[in-house]
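Along the sequence shown, residues are numbered consecutively beginning with 1. What you see below is based on every heavy atom in this structure, not just the backbone, and it leaves out hydrogens, waters and symmetry mates.
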Amino acid sequence: MQDPTLPFQYQSHDSLRLGLPSLKEDAAVKHPVEIIQLESRQRAQAAQSQMLRDLYGVAAPAKAQIEAQILGRFTRLPGAGPSSMLGLESLTGELDEFKYESYLGLPDMSTMPPVDLHSQMELKHGLAGAGKDRMARGLF
C-alpha cells in the first residue's frame, strides 16, 4: 500500500518552466484495481522466474533480467512522443495485451501544450537546477 502522507519537497522548483508546484499529485492514493493489477503482474513475474530457475538453472532468469534491463533503457527524446518500448513488451508478452493505454491517452488527443525539448533535456541531465524533480510535466 502506498504511503498517503505528502512528500517533502527537497529541491527548488522552476515555476517558469514547470508550472506551479503541486505535492498533491505526488501523494495521490492508487486505485484498488491498479494495486491488484500491479501485484498480480509482480506475482506472475516471480512465478515465471521461479519456473525458469527450476527448469534451466540460475542463469536463465538472470539472463532474462539482464535482457529486460537492457530493453528498458531505450527511450525516445523528450517531446518526440512516448517511447513504445516494443522490445521490452515483446519480451514480457505485454504486446498481446489490449490495455487502457492502447486506446486512451494518445498524444494526438492531448490538450497539453507541446513539450520544449531543450528544457526537458536540461531536466533529464540535471542542468536546469531542478534535477530529478518529480513534478516535471513538460510545460514551458
Side-chain angles (χ1 to χ4, degrees):
M1 190 85 188
Q2 186 178 3
D3 186 23
T5 61
L6 287 174
F8 180 69
Q9 187 172 6
Y10 56 91
Q11 294 178 351
S12 62
H13 182 75
D14 188 1
S15 297
L16 291 175
R17 292 183 188 206
L18 305 174
L20 297 175
S22 172
L23 295 176
K24 180 180 177 185
E25 293 176 4
D26 296 335
V29 178
K30 292 184 178 180
H31 193 275
V33 174
E34 185 178 359
I35 294 171
I36 291 169
Q37 288 177 338
L38 180 63
E39 289 174 354
S40 68
R41 188 175 305 125
Q42 290 172 349
R43 280 193 303 270
Q45 287 175 349
Q48 177 75 15
S49 177
Q50 184 63 38
M51 182 194 65
L52 284 174
R53 186 175 295 113
D54 293 342
L55 289 174
Y56 303 110
V58 179
K63 180 184 175 209
Q65 285 179 346
I66 291 170
E67 288 173 351
Q69 287 176 1
I70 290 171
L71 292 172
R73 287 187 198 149
F74 295 109
T75 58
R76 291 182 180 165
L77 287 174
S83 186
S84 65
M85 299 289 193
L86 184 63
L88 185 61
E89 287 180 0
S90 66
L91 182 70
T92 59
E94 292 181 14
L95 199 56
D96 300 329
E97 296 177 8
F98 189 73
K99 300 181 285 191
Y100 175 83
E101 297 87 15
S102 299
Y103 62 96
L104 292 177
L106 298 173
D108 52 336
M109 301 169 117
S110 177
T111 59
M112 299 295 287
V115 177
D116 181 27
L117 176 66
H118 295 287
S119 298
Q120 289 298 311
M121 289 303 291
E122 287 176 359
L123 284 173
K124 183 176 180 179
H125 294 291
L127 301 173
K132 297 181 189 269
D133 192 356
R134 291 174 57 187
M135 293 178 278
R137 293 177 189 82
L139 301 177
F140 295 109

Here the gap from Glu97 atom CD to Thr92 atom OG1, rounded to the nearest 0.5 Å, amounts to 7.5 Å
Verify, without hydrogens or angle tests, whether Ser49 (side chain) and Gln45 (backbone) share a donor-acceptor contact under 3.5 angstrom.
no
Kindly determine whether Lys63 and Ile66 satisfy side-chain contact (heavy atoms from CB on, under 4.5 Å), including the steps that lead there.
CA-CA 5 Å; Lys63 180 184 175 209; Ile66 291 170; 5.8 Å; no
How long is the straight-line distance from CD of Glu39 back to CZ of Arg43, given to the nearest 0.5 Å?
6.0 Å
Could you measure the distance from the CD atom of Gln50 to the CG atom of Leu55? Nearest 0.5 Å is fine.
10.0 Å
Show the nearest heavy-atom pair for residues Ala68 and Leu88, with the distance to one decimal.
O-CD1, 3.7 Å
Between Leu95 and Ser90, what is the shortest heavy-atom contact and its length?
CD2-CB, 4.1 Å
Do you know which two heavy atoms are closest between Leu71 and Met85, and how far apart they sit?
O-SD, 3.8 Å
